[in-house]
Amino acid sequence: MNPPTAAAPPAPTQLRLLSCNILAGGSMRRYRDYVTRGLHHVLPAAGKRANLDGLARVCAEFDVVALQEADPGSLRSGFLNQTQYLAEAAGFPFWSHQPNRRVSRIASSSNGLLARRQPDEVLSYPLPGRIPGRGALWVRFGHGDQELVVVIAHLSLGQQARMRQLDFLAELISTHPHAVLMGDLNTTAQSPELRRFCERTLLALPGDPPLTFPSWRPNRAIDHILVSHGLIVDDLWAVPHPVSDHLPIAATIRLPEPLSALGSPPRLDVLAAEGGA
C-alpha cells in the first residue's frame, strides 16, 4: 500500500490592482498638445467617450481600480460621471468617487474607485495644501485582522505640499498592518517625502517602479502602488495603454491567509464556461 500523498499547499490568494490618472478622458501624444489641445480640457471634445471605452476594457481585467482626474459630471465630460461610466462599462458592481476640485460647472475633478467586492467603509479626506482641491479616498475591505485599507490619492506638484500631504496620509495608514496607497503621487520613489512616508508607515518603496509619464515616451515613475510589508507584490508594471498623459500602473499582490476572502473573486465568464452561475 502506497503512503498517502501529501496535499498540495493552497494556491496564494491574489488581488489585481490598477491605478490611472485619466485626464477626464482626454488624450495626449506630445507636450505641445497641452497648448494646442487646451480647449479639450474644458469642453466635451469628441473622442473622450471612445477613450473611456478603451480604458474600460483594460479595467475589466482587475479587481480594484483607482482613478485620478475623473470628471464627476461637468461640462467638459458632457455632464457624464466618468467613474460611474467606467464601472458600468467594465462590469464593476461597486464604485465610489470623491469630487475635490470644481471650476464652476465647466470642469471638475475627482478620485474614483471601482471594486469587485463591496467596501465596508469609504471615507473622503481633503488633503492639506496652499491651494485647495486635492483629496484622498480611504477605503476599507473587511474587519479587524481581516481588513485591507486602500487609499487613492492625487498629490500636488510642489514638494512642500506633497510632504504635508504624505504626512497626513501616514497618519491615516500607520495603524493598519495591511494597506495600499495608489495614485498619481507626482514624485519618484527616491524622493525625500516618499522615503519619509514609508519610514512612518508599514509600506515599502518599490524596488524598480515602472515609468508612467509622459505616456507617449515614459521617462519618469510618478504613479505608484505602494503596499505594506505583509503584502507581497508578485508583479508591478505599466500598462501600455496611453489613455491620457499617464500610463496606467498595475500590480498583482499576494494576500496573507487572514485576507484570503478578499482575493480575486471568480470571473463570471469562467463560471459560465464551466457551467456554473
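All values derive from a computational prediction rather than experimental measurement.
- Put simply, CG on Leu148 and CG on Leu15 are 7.0 Å apart, with the number rounded to the nearest 0.5 Å.
- Paired with Gln14 under the rule side chain to side chain donor-acceptor pair (under 3.5 Å), one option of Thr252, Asp235, Asp234 passes, and it is Asp234.
- Using a 4.5 Å heavy-atom threshold, the side chains of Phe92 and Leu113 count as separate.
- Applying the side chain to side chain donor-acceptor pair (under 3.5 Å) rule to pairs touching residues 139-151 yields Asp120-His143, Glu121-Arg140, Arg140-His143, Glu147-His176, sequence neighbours excluded.
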* Can Leu169 and Leu127 be said to form a side chain to side chain contact (heavy atoms under 4.5 Å, CB included), step by step? -> CA-CA 8 Å; Leu169 293 177; Leu127 290 176; 3.9 Å; yes

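- The closest side-chain heavy-atom distance from Ser244 to Glu69 is not below 4.5 Å.
- A heavy-atom distance below 4.5 Å is found between the side chains of Asn219 and Pro214.
- For the atom pair Arg254 CZ and Leu231 CG, the distance stands at 11.0 Å (nearest 0.5 Å).
- Residues Val64 and Val139 fail the side-chain proximity criterion, which asks for heavy atoms closer than 4.5 Å.
- In this structure, CZ in Arg200 is found 10.0 Å from CG in Leu166, a value given to the nearest 0.5 Å.
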Side chains of residues 151-158: which donor-acceptor pairs under 3.5 Å do they make with residues two or more places apart or in other chains?
{"residue": "His154", "atom": "ND1", "partner": "Arg134", "partner atom": "NH1", "Å": "3.4"}
{"residue": "His154", "atom": "NE2", "partner": "Arg134", "partner atom": "NH1", "Å": "3.1"}
{"residue": "His154", "atom": "NE2", "partner": "Asp184", "partner atom": "OD2", "Å": "3.1"}
{"residue": "Ser156", "atom": "OG", "partner": "Gln165", "partner atom": "NE2", "Å": "2.7"}

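- Classification of Arg117 and Asp63 as a salt-bridged pair fails, no side-chain N sitting under 4.0 Å from a carboxylate O.
- Atoms OG and CH2, from Ser96 and Trp138 in turn, are 13.0 Å apart once rounded to the nearest 0.5 Å.
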Checklist entry - Could you walk me through whether Leu194 and Arg162 pass the side chain to side chain contact (heavy atoms under 4.5 Å, CB included) check? => result CA-CA 9 Å; Leu194 204 52; Arg162 286 196 306 271; over 6 Å; no

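- Residues Gln98 and Asn111 have side chains that bring a donor and an acceptor to within less than 3.5 angstrom of each other.
- To the nearest 0.5 Å, atoms CD1 (Ile173) and CZ (Phe197) are separated by 4.0 Å.
- Below 30°, between 30° and 60°, or above 60°: for Phe213 and His246 the angle between ring planes is between 30° and 60°, a tilted geometry.
- Side-chain atoms of Thr188 do not come within 3.5 Å of backbone N or O of Ala221 as any donor-acceptor pair.
- Using a distance-only test at 3.5 Å, with no hydrogens or angles considered, no donor-acceptor pair links the side chain of Thr13 to the main chain of Leu255.
- Between Val233 and Val227, the closest side-chain pair of non-hydrogen atoms falls below 4.5 Å.
- A donor-acceptor pair shorter than 3.5 Å cannot be found between the side chains of Asp71 and Gln82.
- The CD1 atom of Ile225 sits 6.0 Å away from atom OG of Ser19, with the distance rounded to the nearest 0.5 Å.
- Put simply, the side chain of Leu17 does not reach to within 4.5 Å of the side chain of Val150, judged on heavy atoms.
- Judged by distance alone, the side chain of Arg116 and the main-chain N or O of Gly91 form a donor-acceptor pair under 3.5 Å.
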